[in-house]
J.: 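Quick one: the structure is below, and I'll ask about it shortly.
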Amino acid sequence: MMLKGSSDSLGANWVGTGVNFALYSDRASAVELCLFANDGEATARFELPECTDGVWHGFLPDCQPGQHYGYRVHGEFAPDKGLYFNAHKLLLDPYARQLSGPLIWDASLHAQQTSGSVRGKYQPNLQDSAEYMPKGVVVGPAKTLLRPRPVIAWEDTLLYELNVRGYTMRHPAVAEIDRGRFSGLAVKEVLAYLKALGVTAVELMPCHAFTDEHFLIE
């Protein structure tokens with residue numbers, strides 16, 4: 001049974017006795033939490049019981065880190081108004097901190113029918129997309145930093161922006177297994193070079209999950 005939970009923290013937040021799920025959608029009429037086994041098989045559905053200022057939320061007792069999940073959001077399907085609600089589509093949690101599985105391009109991913117529709121009068125696509133969607137994964141609390149952050153005055157701060165993959169992929173001191181990965185930035189030769197430049201802080205260019213457009217894949 002799902003309890004009311006809280007709207008304070010968006011995403012899936014484990015608190016030891018269960019997980020609080022919260023998702024913002026002020027135009028939705030209902031939101032369903034869908035649970036999956038690690039192999040992608042659907043195991044349960046729960047309707048988020050409360051909506052506070054556009055945030056749908058619920059608390060699932062005994063839910064633990066490692067649980068795979070997604071959402072189905074109900075609402076108006078009116079493309080002329082910019083509304084594409086379609087509960088046949090499994091949606092990723094935009095606040096998920098871990099994903100499982102790839103996105104597999106398939107016609108079922110489209111909210112509307114891609115053929116047989118008159119322009120401006122699209123019909124909803126009733127194919128279920130869950131099989132082709134990655135799933136969010138509940139994670140535990142973030143690990144505490146092992147050492148304090150450096151205290152450097154702003155006038156002495158030198159920020160260096162870099163791309164994780166680009167910076168480490170061909171670096172001769174980075175082992176093959178670490179190239180293109182965060183671990184590649186921790187190699188002593190990489191750190192020594194940054195320090196030699198006078199860099200005091202590194203700002204990483206966007207490193208979030210993404211997928212290529214369907215027409216590029218084709």
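Everything numeric in this text was worked out from a predicted model, so none of it was measured. Along the sequence shown, residues carry numbers from 1.
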J.: Which atom pairs, one a donor and one an acceptor, fall under 3.5 Å between side chains of residues 10-24 and the rest of the protein, sequence neighbours left out?
T.:
from: Asn13; atom 1: ND2; to: Ser9; atom 2: O; distance (Å): 3.3
from: Asn13; atom 1: ND2; to: Leu10; atom 2: O; distance (Å): 3.4
from: Trp14; atom 1: NE1; to: Gln64; atom 2: OE1; distance (Å): 3.4
from: Asn20; atom 1: OD1; to: Ser6; atom 2: N; distance (Å): 2.8
from: Asn20; atom 1: ND2; to: Ser6; atom 2: O; distance (Å): 2.8
from: Tyr24; atom 1: OH; to: Asp26; atom 2: OD2; distance (Å): 3.3

J.: Would you check if Phe85 and Arg27 make a side-chain contact, meaning some heavy-atom pair closer than 4.5 Å?
T.: yes
J.: Pairs in or reaching into residues 192-218: which pass ring-ring contact (aromatic ring centres under 6.0 Å, His included), with residues at least two apart or in two chains?
T.: Trp105-His214
J.: Are there more than 12 heavy atoms of other residues, nucleotides or ligands under 6.0 Å from atom CG of Leu197?
T.: yes
J.: In this structure, which one of Val137, Val138, Asn38 forms a side-chain contact (heavy atoms from CB on, under 4.5 Å) with Gln67?
T.: Val138
J.: Roughly how far, to the nearest 0.5 Å, is OG of Ser129 from NE2 of His110?
T.: 11.0 Å
J.: Mind jotting down which residue pairs meet the salt bridge (Lys or Arg N to Asp or Glu O under 4.0 Å) criterion with at least one end in residues 153-170? Sequence neighbours excluded, please.
T.: none
J.: Would you say His57 and Thr52 are linked by a side-chain donor-acceptor pair, where the criterion is simply a distance under 3.5 Å?
T.: yes
J.: Taking the side chain as C-beta and beyond, is there a heavy-atom pair between Leu90 and Lys135 under 4.5 Å?
T.: yes
J.: Restricting to side-chain contact (heavy atoms from CB on, under 4.5 Å), what partner residues turn up for Ala96, sequence neighbours left out?
T.: Tyr69, Asp93, Leu99
J.: Work out which heavy atom in Trp56 is nearest to a heavy atom in Ser25; give both atom names and the distance.
T.: NE1-O, 3.0 Å
J.: Measure the NE2-OG distance between His68 and Ser100 for me, rounded to the nearest 0.5 Å.
T.: 4.0 Å
J.: For Val202, check side-chain contact (heavy atoms from CB on, under 4.5 Å) against everything at least two apart and list the hits.
T.: Leu162, Leu194, Val199, Leu204
J.: On a heavy-atom basis, which atom in Met1 and which in Leu60 lie closest, and how many Å separate them?
T.: O-CD1, 4.3 Å
J.: With heavy-atom distances below 4.5 Å as the criterion, would you say the side chains of Leu3 and Pro49 are in contact?
T.: no
J.: Just so I know, are the side chains of Tyr71 and Leu48 near enough to count as touching, which here means a heavy-atom distance under 4.5 Å?
T.: yes
J.: Once rounded to the nearest 0.5 Å, what's the spacing between atom SG of Cys63 and atom CE of Met2?
T.: 8.0 Å
J.: How long is the straight-line distance from CG of Asp212 back to CD1 of Ile217, given to the nearest 0.5 Å?
T.: 5.0 Å
J.: Give every residue pair that meets the salt bridge (Lys or Arg N to Asp or Glu O under 4.0 Å) criterion with at least one member in residues 34-62, sequence neighbours excluded.
T.: Glu32-Arg45
